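Since we're looking at a predicted model, the values are computed, not measured.
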Amino acid sequence: MKASTVISSCDKLKPNDYSYEQKREWLDKIESDIRIFAGLYSEEKPSLEFINDDNPELFLDKNEINIYVYFIISMIDLSDLEYSLYNNSSTFFNDAFNTWKRSWRMKHKPNCNTKTTF
């Protein structure tokens, strides 16, 4: 899934006057958080080189687009000083993001080379 796909989905759901570049900054923030979290449960270091691409491929697939969209919508609400809307949209984001994190941890448990000695 590409960054432009997420931003256009967000614009369809919540029309706004923020620039593509501003929404891209917000998207880069949550994408970095996602990659760093996923890297905690992987032997590979997370790559943050996507920030330099104009339209990068995002870490999550289209089934988790709501995580990105809810985050951008919550940032729009916060920037517009719409605090009650921000509370709602950030709750949707936090629920979706925490659900994904639990699922990721279950699927990518770290290898623990521990020996039990008695």
Side-chain angles (χ1 to χ4, degrees):
M1 178 172 48
K2 297 283 192 176
S4 60
T5 304
V6 171
I7 292 173
S8 66
S9 295
C10 181
D11 288 340
K12 288 177 187 172
L13 288 173
K14 188 167 185 80
N16 60 82
D17 294 329
Y18 291 96
S19 68
Y20 180 89
E21 291 77 22
Q22 177 61 60
K23 288 178 262 192
R24 179 61 201 277
E25 281 183 37
W26 291 329
L27 184 59
D28 288 349
K29 160 66 170 107
I30 189 58
E31 179 69 3
S32 297
D33 290 351
I34 289 168
R35 289 178 185 229
I36 289 168
F37 179 83
L40 294 174
Y41 297 89
S42 173
E43 293 181 13
E44 297 178 28
K45 287 186 91 173
S47 171
L48 300 179
E49 293 179 16
F50 71 93
I51 293 173
N52 298 325
D53 293 342
D54 289 335
N55 190 20
E57 188 71 30
L58 300 175
F59 186 81
L60 301 179
D61 62 19
K62 65 181 179 179
N63 295 326
E64 284 95 12
I65 191 173
N66 59 342
I67 294 171
Y68 297 118
V69 171
Y70 288 148
F71 183 78
I72 294 173
I73 288 174
S74 69
M75 296 311 296
I76 290 170
D77 291 338
L78 181 63
S79 298
D80 286 345
L81 305 178
E82 295 283 352
Y83 297 120
S84 60
L85 293 176
Y86 170 72
N87 286 334
N88 291 334
S89 57
S90 64
T91 298
F92 285 127
F93 162 72
N94 285 324
D95 183 54
F97 191 39
N98 288 332
T99 299
W100 173 79
K101 288 194 297 187
R102 280 192 301 275
S103 173
W104 184 265
R105 281 193 307 260
M106 291 300 293
K107 293 176 186 171
H108 301 88
K109 292 182 180 179
N111 285 336
C112 295
N113 295 326
T114 59
K115 295 181 181 180
T116 306
T117 57
F118 296 95

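- Side-chain contact check for V69 versus V6: some heavy-atom pair is nearer than 4.5 Å.
- Annotation: the span from I67 atom CD1 to K101 atom NZ amounts to 10.0 Å, rounded to 0.5 Å.
- Among residues two or more places apart in sequence or in another chain, the side-chain hydrogen bond (donor to acceptor under 3.5 Å, both in side chains) test is passed with K2 by none.
- Under the rule for a salt bridge (charged side-chain N to carboxylate O under 4.0 Å, His left out), the partners of D28 that lie at least two apart in sequence or sit in another chain are R24.
- Between F37 and Y41, the angle of the ring planes lies from 30° to 60°, which puts this pair in the tilted group.
- Between the side chain of S79 and the backbone N or O of I76 there is no donor-acceptor pair closer than 3.5 Å.
- By the side-chain hydrogen bond (donor to acceptor under 3.5 Å, both in side chains) test, S8 pairs with no residue at all, sequence neighbours left out.
- Taken from CG in D80 to CG in L85, the straight-line distance is 9.0 Å, to the nearest 0.5 Å.
- A chain of hydrophobic side-chain contacts below 4.5 Å, direct or via other Ile, Leu, Val, Met, Phe, Trp or Tyr residues, connects F71 to Y83.
- With rounding to the nearest 0.5 angstrom, the CD1 atom of I73 is 10.5 Å from the NZ atom of K23.
- Taken from OG in S103 to NE2 in H108, the straight-line distance is 8.5 Å, to the nearest 0.5 Å.
- How far CZ of R102 is from CZ of F97: 11.5 Å, rounded to the nearest 0.5 Å.
- In this view, Y20 satisfies the ring pair (Phe, Tyr, Trp, His ring centres under 6.0 Å) rule with no residue, not counting sequence neighbours.
- In this structure, the side chains of L58 and I34 stay at 4.5 Å or more apart for every pair of heavy atoms.
- For the atom pair CD1 (I30) and CD (E25), the distance works out to 15.0 Å, reported to the nearest 0.5 Å.
- Across A38 and W104, no two heavy atoms sit closer than the pair CA-NE1, 3.4 Å.
- At least one donor-acceptor pair under 3.5 Å links the side chain of N16 to the backbone N or O of Y18.
- Screening residues 84-97 for side-chain hydrogen bond (donor to acceptor under 3.5 Å, both in side chains), with sequence neighbours left out, gives D77-S89.
- Applying the side-chain hydrogen bond (donor to acceptor under 3.5 Å, both in side chains) rule to pairs touching residues 62-73 yields E31-Y68, sequence neighbours excluded.
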